[in-house]
> 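Sending over a structure as structure tokens; questions will come in a sec.
Everything numeric here is computed off the predicted structure, so don't read it as measured data.
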Amino acid sequence: MAINDLNAGEADMWKYVDDTTISEVIAKGQKSFIQQIVDDFAIQARDEGFYLNERKCKELRISFAKSEPEFDPIWVNHQTLETVNSVKLLGLNISSDLKWNAHVSELIRKVSTRLYFLRQLKRSHVATKELLFYITCIRSILEYSSPVFHRALPS
């Protein structure tokens with residue numbers, strides 16, 4: 001059995017290399033079964049020689065309710081998972097309010113450091129035709145995952 005053969009029961013699961021994301025949608029007034037799902041997944045993983053690193057496991061709660069519902073903490077290997085306001089998933093910053101502020105701020109931070117190098121190249125009188133730095137090191141960052149947050153791009 002491989003990591004791809006592990007399943008999370010009724011929960012949605014996404015796997016990429018060594019990252020696994022499990023999600024559960026809970027209707028208003030319903031009970032969460034995520035602890036049982038995580039326990040079953042951890043047992044499957046352990047049986048196959050994989051171990052969940054509880055220090056790297058995080059819990060992100062997304063709720064649009066006026067008052068956020070109370071849920072029990074999630075446990076992995078006798079450790080409570082840290083509840084966070086945003087996570088980085090495949091290079092995309094996802095926040096608990098599903099706004100793009102955290103992602104855009106991270107993009108600005110990355111690009112501003114690279115713009116400094118572009119200015120240095122310009123000061124060195126590098127020919128404009130030879131400035132592929134922008135396309136490879138700046139534009140690629142700005143356009144990464146843009147179809148996710150800009151639905152008009154294909155048109």
> Answer yes if Ile141 and Phe117 sit in the same cluster of Ile, Leu, Val, Met, Phe, Trp and Tyr residues linked by side chain heavy atoms under 4.5 Å apart, and no otherwise.
yes
> Around Arg61, counting heavy atoms of other residues, nucleotides and ligands shown, do more than 12 lie under 6.0 Å from its CZ?
yes
> Which heavy-atom pair separates Glu24 from Ile37 by the least distance, and what is that distance?
OE2-CD1, 4.4 Å
> Any idea which heavy atoms bring Arg114 and Lys110 closest together, and the distance?
NH1-O, 3.1 Å
> Could you state the interatomic distance from CH2 (Trp100) to CG (Leu107), rounded to the nearest 0.5 Å?
9.5 Å
> Is it true that, when you exclude Asn53 itself, more than 12 heavy atoms of the residues, nucleotides or ligands shown sit nearer than 6.0 Å to its CG?
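Atom CG in Asn53 is crowded, with more than 12 foreign heavy atoms closer than 6.0 Å.
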> OG of Ser96 to CZ of Phe64: how many Å apart, nearest 0.5 Å?
9.0 Å
> Indicate the atoms forming the closest heavy-atom contact of Trp75 with Val38, along with that distance.
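Smallest interatomic distance, heavy atoms only, reads O-CG1, 4.0 Å.
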> Hydrophobic clustering (ILVMFWY, side-chain heavy atoms < 4.5 Å, transitive) - are Val76 and Phe71 grouped together?
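Not linked; separate clusters.
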> Let me confirm one number: the OG-CG distance from Ser63 to Leu98, rounded to the nearest 0.5 Å.
10.5 Å
> Take atom NZ in Lys122; do more than 12 heavy atoms of anything else shown fall under 6.0 Å from it?
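Atom NZ in Lys122 is not crowded, with 12 or fewer foreign heavy atoms closer than 6.0 Å.
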> What heavy-atom pair brings Asn93 and His103 nearest, and what distance separates the two atoms?
N-ND1, 3.3 Å
> Ile34 and side-chain contact (heavy atoms from CB on, under 4.5 Å): which single residue from Asp39, Leu81, Ile74 fits?
Ile74
> What is the minimum heavy-atom distance between Pro73 and Thr80, and which atoms define it?
CB-CG2, 3.5 Å
> To the nearest 0.5 angstrom, please state how far the OG1 atom of Thr113 sits from the CD1 atom of Ile138.
8.5 Å
> Mind checking whether Leu142 and Leu121 sit in one hydrophobic cluster, side chains of I, L, V, M, F, W, Y counted as touching below 4.5 Å?
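Leu142 clusters together with Leu121.
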> Within the supplied structure, the quantity of interest is the number of heavy atoms (other residues, nucleotides, ligands) at a distance under 6.0 Å from Asp47 CG; does it exceed 12?
yes
> Surrounding OH of Tyr116 (heavy atoms of other residues, nucleotides or ligands, distance under 6.0 Å), is the total greater than 12?
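Atom OH in Tyr116 is not packed in, count stays at 12 or less.
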> Side chains of Asn77 and Tyr51, heavy atoms from C-beta outward: is any pair under 4.5 Å?
no
> Decide if atom NZ of Lys58 counts as having more than 12 heavy atoms of other residues, nucleotides or ligands within a radius under 6.0 Å.
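Yes, the 6.0 Å shell around NZ holds more than 12 heavy atoms from other groups.
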> Please report the interatomic distance CG(Asn85) to OG(Ser95), rounded to the nearest 0.5 Å.
8.5 Å
> Nearest 0.5 angstrom please: Leu92 CG to Ile94 CD1, how far?
5.0 Å
> Hey, quick one: are Leu52 and Ile43 part of the same hydrophobic cluster, counting side-chain heavy atoms closer than 4.5 Å, chains of contacts allowed?
no
